[in-house]
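Order of listing sets the numbers, starting from 1, for every ligand and every atom in it. Remember, predicted model here, so these are calculated numbers, not experimental data.
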Amino acid sequence: MKEVTQALLDLIAGSPSPFHAAANFAAALEAAGYRRLREESRWQLQGGGRYFVERNGSALIAFRVPEGEWQGFQLTAAHSDSPAFKLKPQGELAGPENYLRLNAEPYGGMLMATWLDRPLSVAGRAAVRTAAGVASRLVNLDRDLLVIPSVAIHMDREANRGRTWDPKTDLTPVLGLGTEKGTLRRLVAEAAAVPEEDLLGGDLFLYVRQPGTALGANEELVAGPRLDDLQCAFACFHGFLEAGQGGGAPVFCLFDNEEVGSATRQGADGTFLQETLGRICAALGREDPAELAASVMVSADNAHAVHPNHPEYADCGHRPRLNGGVVVKHSASQRYTSDAVSAALFTELCRRCGVPTQVFANRSDLPGGSTLGNISNTHVSLTTVDVGLAQLAMHSAWETAGAEDTEHLLRAARAFYEAALRPDGQGGWEIGSR
Ligand code: CO
C-alpha cells in the first residue's frame, strides 16, 4: 500500500468521531510547532508565527503569519464529521426478551442499510464532573461491541425488493444479552476514567470499527469508513503543513456539523472563521475587507465518481473518474461556489504543478448535495472554489475512492498555498510566486 494511503487510513482509524479528528489534527499541529490559541484570550501574533485555535473540540483553524510582505488569506476547508448514529441521553433499551439495545438516532443522511451486520463501537466525548467543575473527555470504547442485525430472508421475503428503513425499529443496535441496564454507562465512565457517578453526559456516536484498506487489482482504490470528508481534510492539511511561503497567510479550516447543515457554533454557518480572520487582522493592524478581497478559499468535500453499475446517474460531460484528479464542482444554483474565474484559477494552479483536474455538475433533474463553500461565504465572502475527490457510495458506512487522488489534492493544496495570488482589479487574478 502506498505510504500516503496508509497515513490516510491511520488518520481515519484514529478519528472515529469529529472530536477525535480535531484532536488528531491539533496533535499534529503541536508536533509541528504550532501554538494553540484560546478563543477567550487576547491574541498576540508575530510574523513567522504558527498558530491554531479549536472550537467545541470538533472544529479547528490553523494558520501561519508570513514574515515580510504579504496580502490576503489562502484557505482550504474540509469537514470533520460523517453521517453516523448518535446515542440519545437515555441510551439503553431493555428487551425484547433478554436483549439489551441502544437508542440512537441518525446524524446526517446516511445509506442506512450499510450499517447492518458489521461490528460497531462507540466514540465521542463525555462530560464529566471534576473538582474544578465540568470537563470534556474524549472517549472511544475501541472494541467490537455492537451489531445491528438484518432480518433473515426467510422472514422477510421482500427484503431484496425496495426495502425501506425505519431508524426507530430497523437500526437499533444490540449491546448484549441478559445484561442489566447501565452497562453502556459503566463502559463510557471507564473509558473516560471517572467513577460512574461523575459521568454527566456525552456526545457519543456509533462508528464502523473495521479499518480501511487498499483494494483493486493494483490497489488503485482506497475503501473504508468516513472518507467523506477525512480524505479531503487529510490532503488539504498535509498540503498546508508542507507548503513553502506563498503570497498570503495560509489557513486550514476543519469545520464540524457539515452533515447536518453546518448551522452550529463549530460549523461553517457559525462565526468561527469570520471571527478568527477578524482577530488575525486586528492583532496585526490590518483592515479585514482589504485582506478578504485579496483572499481565496478552496472548499474541499468529496465528489461523486461515475458509478460502475449506474453510470446513468452521472451527467453527460461531467463524469468524474476515480484517480482522475481533483474534481471542480459547478452548480447554477450556487450550491457550489465555483464560478468561471475561481474554477479557472484553481485549474490553472493544478496544471502548473502537474495535477489533473475534472469537472462535476449534477444531472439537471437531480438536486445533489450541498457543502461548505456557499455556507461559509454567507459569513466570510471570499473568492471560493468548491472541489473534492471522486468517490463511490457517498454516505455509506463503507466508502470507496481513488487511492491516487489523495496525493492529487495534497499536491494541489500545497501548490495553492505556495502561489502568490493577487486580484488584477478587473475581475481576474494574477498568479505569481514569492
Ligand atoms: Co462531505
**Item:** Within residues 232-247 or reaching into it, pairs that qualify as side chain to side chain donor-acceptor pair (under 3.5 Å) - sequence neighbours excluded
**Value:**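 Qualifying pairs, neighbours excluded: Glu242-Arg414.
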**Message:** Quick check on ring pair (Phe, Tyr, Trp, His ring centres under 6.0 Å): which of Tyr107, Tyr207, Phe205, Trp115 does Phe85 satisfy it with?
**Reply:** Trp115
**Asked** Quick one: do Arg352 and Glu348 make a salt bridge, cutoff under 4.0 Å?
**Response** yes
Is [X] close enough to the Co ion (ligand 1) to have an N, O or S atom under 2.8 Å?
X      : value
His79  : yes
Asp228 : yes
Glu258 : no

**Request:** Indicate the ring-plane relationship of Phe255 and Phe272, choosing parallel, tilted or perpendicular according to the 30° and 60° boundaries.
**Result:** perpendicular
**Item:** Of the N, O or S atoms in Asp301, the one nearest the Co ion (ligand 1)
**Value:** OD1
